Every structure is written in structure tokens, then in C-alpha cells.
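So the structure is just underneath, and the comments pick up after that.
Residue numbers run from 1 in the order of the sequence given. Everything quoted here is computed from the prediction, not taken from an experiment.
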Amino acid sequence: MAKKIKLIEIAPNPWDLRWNAAKEILSKHGGELEVKVSKCSSTEFESVFKKALSEKPDILIIDMEFSEMALNISPLKTQEIELLGAAPLFIKNGENLWPRHLIEEGVLRAVSKNSQHLDLMAPALVAGLGPLVPFIVSALGKIGFHKISITDVDENRGEKLIASLKNRFFRVEFNFVKFETITTLPGIYSFLINTTPLNLENHLLDELYFFNFLKLQGVVCDTTLVPVETPLLTEAQVWGARLLSGEKIAAEYDVLIFQQACGITIPIDEYLTALHAAASSVLFDVKPFLQRFLDRI
């Protein structure tokens with residue numbers, strides 16, 4: 001008999017195809033997934049979140065945009081999740097939903113499996129200032145990076161985030177890179193991970209496309225899930241970098257969630273194939289996103 005799993009996702013712009021892929025694979029391995037997607041704005045989040053908690057799902061997924069609010073509102077917290085400053089995931093344990101930090105392990109697994117022979121003596125570059133960054137920093141620290149730079153268009157927020165990270169991660173050396181200076185950086189970075197959104201207003205991406213900062217055989221990772229081949233990855237491939245797509249991080253993360261929430265182990269390759277098919281079915285033209293960069297070269 002299939003094990004029933006109830007999942008609720010709260011997001012401003014949910015992507016249902018992700019959970020359709022999960023349903024397909026879980027059904028082959030003894031799981032029956034019931035999904036409820038709650039689309040809401042930040043002003044509606046608190047009431048939607050509290051209602052979701054009262055429904056006691058097995059898994060509650062919170063979009064990163066709402067994850068800091070979720071941590072503040074949650075009646076239950078853990079030391080680890082408070083250290084990371086956001087709660088993007090809750091898993092049922094007994095009668096309670098506890099915040100978990102599996103996205104950190106998902107990033108760690110995806111990077112470790114798909115980016116062998118990383119130069120850990122070289123620094124890593126993280127683009128963005130969102131709540132995903134502390135999870136990524138923690139994963140990169142566990143992989144072995146000792147120097148991490150962070151870049152964004154908002155210098156004041158960037159300096160504040162770095163001050164906060166220094167208080168959380170004592171063994172990592174941090175520095176902030178102004179986005180206007182990205183193209184003047186020396187080619188010393190062995191790893192780039194982008195956490196910023198793919199939209200035409202994101203001028204930070206325009207600077208990253210030059211890849212002057214990346215070492216030979218460096219790795220470029222984009223956490224964007226759709227499209228699979230983002231403009232950043234498209235240009236990184238032309239430059240000669242090794243690529244790590246967002247779907248590989250999402251696949252590792254989802255497999256961990258189902259394993260810990262319901263004890264079902266999904267073969268990662270099988271799930272990644274289904275997730276890739278779902279993401280690839282979305283038509284996306286990268287040209288408008290690269291035009292400003294192409295006009296400069």
C-alpha cells in the first residue's frame with residue numbers, strides 16, 4: 001500500500017511542474033503525494049502560513065522570499081535554523097512541524113558530486129544577498145572553502161550581511177565586492193554561485209557574464225530552476241567553465257526532503273531526469289537577457 005504524503009508549498013509564484021515530477025517518481029517507489037500550493041503575497045503570508053501549520057502536512061515548503069518571515073512567526077525553532085536566519089522547510093515530527101535546514105545539505109551534495117577537483121585554496125564568489133546565502137555559505141564552508149566573496153548592487157546591505165556572516169561562520173574569511181568592480185577582478189575565483197533572480201532588471205548578471213574573475217576550469221552554478229540553461233550558464237559554457245544547474249541542487253534537496261519526511265529513498269538520477277524534463281518543457285528565450293552584455297563586447 002502506498003504511503004500517503006501531504007505537502008504544502010507557500011510561494012509568490014509557485015512552479016507546479018516540480019511537484020508533478022515528484023509525484024511521478026514517488027508513485028514508483030511506494031509514495032502517494034498530495035500537493036497543495038498556496039500562492040500569496042508578503043502581506044498575506046502570515047495568515048496563509050498559520051493556516052498551513054494548522055493543517056499539519058508532512059512537508060511544508062516556504063519560498064525563500066518568505067523564509068525569514070516564516071522563522072520569525074514559527075512557534076518552534078532550532079539552534080541551527082536560527083543561526084542560518086531563515087526557515088524554508090518544515091517537516092512533521094510527531095504532531096509538530098519543525099524547521100529544517102536540508103537545503104544546505106542539498107547544496108553540499110550537488111556541489112560535491114558535480115564539481116570534482118575544485119581549487120579550495122581559491123576563493124568562491126556568491127552573487128546576491130537573499131536568505132539563501134547563509135545556507136550556501138555554510139555548505140561551501142563544509143566543502144572546504146576558507147575565502148568567500150559576496151557581490152550585489154546594494155553595498156550597504158552587502159556590508160551588513162557580511163558583518164552578520166562573520167559572527168556566524170568564524171573559520172571563513174569574507175569580503176564584499178562592489179558589482180561595478182566585478183569586471184576588474186583578477187581571475188582568482190574557482191567557484192561562482194548565483195542566487196539572484198533572472199529578470200531584465202537584474203544588472204548584476206550583466207557584469208557576471210564577462211567571467212574575467214573565474215579561474216580556468218572554474219565552476220559556475222546558477223540556483224535558478226527554470227530555464228535549465230540560464231543566460232549565465234550559457235555564457236559560462238562559451239567561456240569554458242564547468243556548469244552546475246539549479247535543477248541538480250533542487251533534485252538533491254527534494255530527495256533529502258522525502259527521505260527524511262516519509263522514509264522513502266528516491267534514486268537521484270531518476271528524479272533528476274523527471275525534473276529536467278519538466279524544466280525543459282518551459283520555453284524560454286535567453287537573448288533579451290544577454291542583449292545588454294552583447295552590446296558591450
- Report yes or no: do Q291 and D295 form a side-chain donor-acceptor pair below 3.5 Å? yes
- Do T181 side-chain atoms and T184 backbone N/O form a donor-acceptor pair below 3.5 Å? no
- Message: So does I62 get a backbone contact from the side chain of S67, meaning a donor-acceptor N/O pair under 3.5 Å?
- Response: no
- For the residue pair Y253 and F135, is the inter-centroid distance of their aromatic rings smaller than 6.0 Å? no
- Run the salt-bridge test on K142 and E104 with the 4.0 Å N-O cut-off and return the result as yes or no. yes
- Item | N-O pairing of E155 and K160 below 4.0 Å | no
- Does K147 use its side chain to pair, donor to acceptor, with the backbone of V172 at less than 3.5 Å? no
- Query: Would you call E55 and K36 a salt bridge, taking side-chain N to carboxylate O under 4.0 Å as the test?
  - Reply: yes
- Roughly how far apart are D152 CG and I182 CD1, rounded to 0.5 Å? 9.0 Å
- Does D119 come within less than 4.0 Å of K215, counting only side-chain N to carboxylate O? yes
- Item | Basic-acidic side-chain contact under 4.0 Å: K248, E252 | no
- Task: Could you verify whether a donor N or O on one side chain and an acceptor N or O on the other, from H276 and E247, lie under 3.5 Å apart?
- Result: yes
- Task: Any chance you could lay out the side chain to side chain donor-acceptor pair (under 3.5 Å) test for H117 and Q217, step after step, and finish with the verdict?
- Result: CA-CA 9 Å; H117 309 298; Q217 286 298 298; over 6 Å; no
- From the options D58, L33, T265, select the one residue that forms a side chain to side chain contact (heavy atoms under 4.5 Å, CB included) with F258. L33
- Query: Got a donor-acceptor contact below 3.5 angstrom from the S112 side chain to the R109 backbone?
  - Reply: no
- Cluster overlap V37 with L89, hydrophobic side-chain contacts below 4.5 Å: yes
- Atom pair CG/CG of L60 and L97 - distance to nearest 0.5 Å: 6.0 Å
- Value rounded to 0.5 Å, distance of CG in N175 from CD in E159: 9.0 Å
- Item | Flag for S41-E44: side-chain donor and acceptor within less than 3.5 Å | yes
